[in-house]
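In what follows, a structure is listed as structure tokens, so that the remarks can point back to it.
Per chain, numbering begins at 1; letters A, B, ... match sequence-line order.
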Amino acid sequence: MSEFGRRAFLKRAGGVGLGGLAAGYGLGAATTDARAAEETPAQRAERVNEAELGDRRRFDGVHQGGILTPAASFATFVALDSIAPGVGELTTALQALSQRARELTEGGAFPAREYDEPPYDSGTLGPDVAPDGLTVTIAFGASLFDGRYGLAARRPAHLSAMRPFPNDRLDPARTGGDVLVQIAAGHQDTVGHALRELLKPVRGSLQPRWTVAGFTGAQRGPSPHSSRRNHFGFRDGTSNPDVTDPKVMDRLVWAARGGGEPAWTADGTYQVVRAIRMHVEFWDRVGLLEQEEMIGRKRDTGAPLGGEGEFENPRYDLDPKGERIPLEAHIRLANPREPQTIDQRILRRAWNYSEGFDADGQLNVGLLFVAFNQDIDRQFVAIQERLNGEPMVDYVTPEGGGYFFAPAAARDQRDWVGSGLFA
Amino acid sequence: VSRRKALKNACVGALLVLAAIGLGAVVAACGGGGEEHVYHPISTVSARPDVKITAVTGGANSPQVEALLAEERTGNPGPGSDLEPLAPSRFRRPVAEYRAYSVRQARGVGGAVRRLRAALAAGDVAAARRAWLDAYDHYLRLGAAYGALGKLDEEIDGDPGRLPGGTRSPEFTGLHRIEMGLWTGEAPAELRAPAAYLAAKVARLQTVVRTIRIGPTTYATRAHEILEDAQRDMLSGVDAPWSGAGLRATYDSLLATEFVVDTLRPLLNGRDSTIEPVETEDARLQEALAQVRREHGGEWPRLAAMTASQHRLVDGRLGAALERLDAIPGALEVARAQPAPTIAEQKRERGR
């Protein structure tokens with residue numbers, strides 16, 4: 001394509017793109033907003049776009065995005081296995097992953113290419129990529145620290161492969177992986193676009209092992225803080241530590257300094273992912289009383305049994321025999337709120353997944369359980385071991401996931417996630 | 001006002017639905033005038049000359065219609081209980097009957113395991129497979145008991161998918177260890193030790209079932225849970241992947257369920273109309289299983305040998321049976337010592 005042709009195309013493409021956005025986003029707004037009359041279609045598109053899709057999460061900084069960030073409406077997890085023949089190819093791929101992730105979280109128009117060449121971007125979000133709250137969180141699995149890349153001595157102190165708990169039925173093809181990428185955003189198309197774009201530059205080094213796509217329920221109140229519901233109809237993630245308190249996060253989420261942790265793990269965190277199948281047909285045939293006693297909360301309000309509001313303290317101290325909240329109720333085992341379990345708390349994130357039907361015509365749906373913590377054994381495993389054999393195990397089957405370490409964010413645009421590991 | 005409006009809407013909606021799907025309506029009582037719009041429960045309509053029955057539904061009522069029917073039946077508009085809770089002592093006899101049945105099934109497991117060991121000793125794989133299936137059948141027919149067996153259930157019927165290392169785990173023993181060997185070409189001699197282990201555990205089983213205890217609520221819940229397990233673990237192929245015995249396992253689970261329901265029949269009589277729809281759907285599931293078996297020359301097919309339409313038939317009938325069986329625990333509600341306290345009540349209690 002000639003230089004003239006390219007420039008003409010860029011101009012044309014820009015015009016069409018913005019016009020298209022205006023047609024899409026401007027409807028409704030134009031009739032209700034007096035300002036609309038004074039705006040060009042392009043300005044109007046920009047404004048509506050900004051309200052719906054303009055949330056921008058910085059990729060670079062101290063901690064990676066997607067950790068303290070509230071769970072976005074949509075999230076896809078993809079575990080990748082490295083086929084890179086050497087550490088050089090591996091680091092090149094990880095750099096490319098960070099670079100592309102940075103561009104996508106930032107958003108904006110992508111450069112045009114010659115007309116007869118495949119475009120730089122799939123175009124599924126239009127020519128001007130809106131950030132839409134996108135976060136891309138990159139983490140490493142224990143298998144990356146085997147002998148292949150000489151990283152064994154640099155393995156994070158608490159990172160191991162996920163061993164099955166007694167109720168688990170882990171499918172090896174849906175468990176583990178060398179690199180985990182968590183892609184979260186406000187809309188499914190943003191997530192799908194990012195997944196497609198992120199895989200493009202790394203195909204020769206990182207190949208998918210498993211993936212799960214999740215979503216949260218809409219915010220249905222009663223307050224803006226009310227927890228969303230899972231497939232059992234119960235609110236999920238009510239009792240979370242305060243992410244705005246750096247002291248609490250230093251104690252529960254961020255990797256400890258020293259104590260056997262390699263220096264490169266500073267400002268990183270351990271990420272637990274579990275794809276937990278929920279047998280919802282069975283669950284729907286259980287009396288509400290039994291459901292609530294398994295969970296320990298009221299289904300409607302999310303309040304602890306015998307309480308009024310979702311965030312009310314369940315006051316186990318008043319109920320030592322479990323007359324109000326059974327001793328085996330999920331919330332009671334998971335977080336007994338005793339002095340010795342304060343350090344076991346985890347930062348919970350949860351998405352629902354929905355993958356059609358299984359071979360028997362049963363809904364294949366479940367919970368994408370995510371926990372960030374400082375020490376998997378001290379926190380997640382301790383909690384899970386208390387939950388072994390809880391009455392709810394009949395209705396759930398953990399089928400996949402893994403343990404990963406999400407390192408610090410890239411410091412700036414010359415840096416990349418994981419650079420410290422290879423320094 | 002809004003409640004009446006809701007009732008009326010539900011009434012109209014229900015008629016539209018019933019008309020649209022062409023299933024029979026229960027009643028044509030959504031009459032005009034200033035009358036209260038009510039439905040009449042199926043079990044009483046025949047006694048009412050003012051009600052014209054066009055047909056009897058299969059029970060596919062919407063939640064709103066169900067709620068109206070329940071209110072009419074009980075005079076109770078809210079979610080409060082409409083049944084007098086049963087005394088726990090009423091369950092003594094059903095559980096005792098089930099215990100006696102369990103003893104017979106455990107003896108059946110024992111006999112099959114003896115034949116299994118003899119076949120393995122003789123190197124006869126075909127006979128060993130037959131004996132294994134027989135042992136598995138009898139064990140599954142214990143049904144309601146296995147929840148009360150604790151670790152013994154794991155030792156006899158443990159699922160290697162739940163062990164670290166799976167089938168390579170040293171803890172992988174019991175029925176499924178032998179199943180894997182018999183259907184993957186392992187030499188019979190290799191299976192003698194696992195079979196001896198199984199025989200020891202089954203001997204213990206025969207002792208333990210004589211004294212198993214099952215609480216009233218648990219026992220009532222087993223009425224649907226046995227087949228829930230069949231849906232989740234057996235018909236899915238999770239539980240017996242090598243023999244593919246999921247369909248016959250579903251049949252075994254149905255037999256166990258029917259025995260439980262039989263023992264509960266005296267308690268269910270007169271409590272809602274729980275038992276009739278259960279029997280209807282159980283019979284239809286029974287017939288679906290028999291049909292598939294006939295279509296495979298009178299033998300239980302391996303799960304993988306079933307056609308898609310046979311799968312759908314069994315999945316559908318099993319699902320429909322479960323949607324009926326789930327009414328049994330609620331209908332057999334057991335008296336609680338006291339309602340659970342609230343936080344406020346516990347605070348007051350403590351302040352005293």
>> Could you walk me through whether Asp360(A) and Gln231(B) satisfy the side chain to side chain contact (heavy atoms under 4.5 Å, CB included) test, starting with their C-alpha distance in whole Å, then the side-chain angles of each, then the deciding distance to 0.1 Å, before giving a yes or no?
In response: CA-CA 8 Å; Asp360(A) 290 316; Gln231(B) 172 77 80; 3.8 Å; yes

> Is there a donor-acceptor contact under 3.5 Å linking the side chains of Gln346(B) and Arg315(A)?
Replying inline: no

>> Please output the residues of residues 383-402 of chain A in contact with chain B, using a heavy-atom cutoff of under 4.5 Å, in numerical order.
In response: Asp394(A), Tyr395(A), Thr397(A)

>> At a 4.5 Å cut-off on heavy atoms, which part of Glu312(A) comes close to chain B: side chain, backbone, both, or neither?
In response: side chain

> Of the listed residues (His311(B), Arg232(B), Glu154(B)), which shares the most heavy-atom pairs with chain A below a 4.5 Å separation?
Replying inline: Arg232(B)

> Is chain B contacted by the side chain of Gln362(A), its backbone, both, or neither, given a heavy-atom distance below 4.5 Å?
Replying inline: side chain

>> Could you tell me if the side chain of Glu228(B) sits less than 4.5 Å from the side chain of His279(A), heavy atoms only?
In response: no

> Given a strict heavy-atom distance threshold of 4.5 Å, which part of Ile325(A) is in contact with chain B: side chain, backbone, both, or neither?
Replying inline: neither

> Going from NZ on Lys347(B) to CG on Asp317(A), what distance comes out if it is rounded to the nearest 0.5 angstrom?
Replying inline: 9.5 Å

> Which bit of Val238(B) comes within less than 4.5 Å of chain A, counting heavy atoms only: side chain, backbone, both or neither?
Replying inline: both

> Of all the residues in residues 162-173 of chain A, which have a heavy atom that comes within less than 4.5 Å of a heavy atom in chain B?
Replying inline: Arg163(A), Pro164(A), Phe165(A), Pro166(A), Asn167(A), Asp168(A), Arg169(A), Leu170(A)

>> Can you tell me which portion of Leu318(B) sits under 4.5 Å from chain A's heavy atoms? Options are side chain, backbone, both or neither.
In response: neither

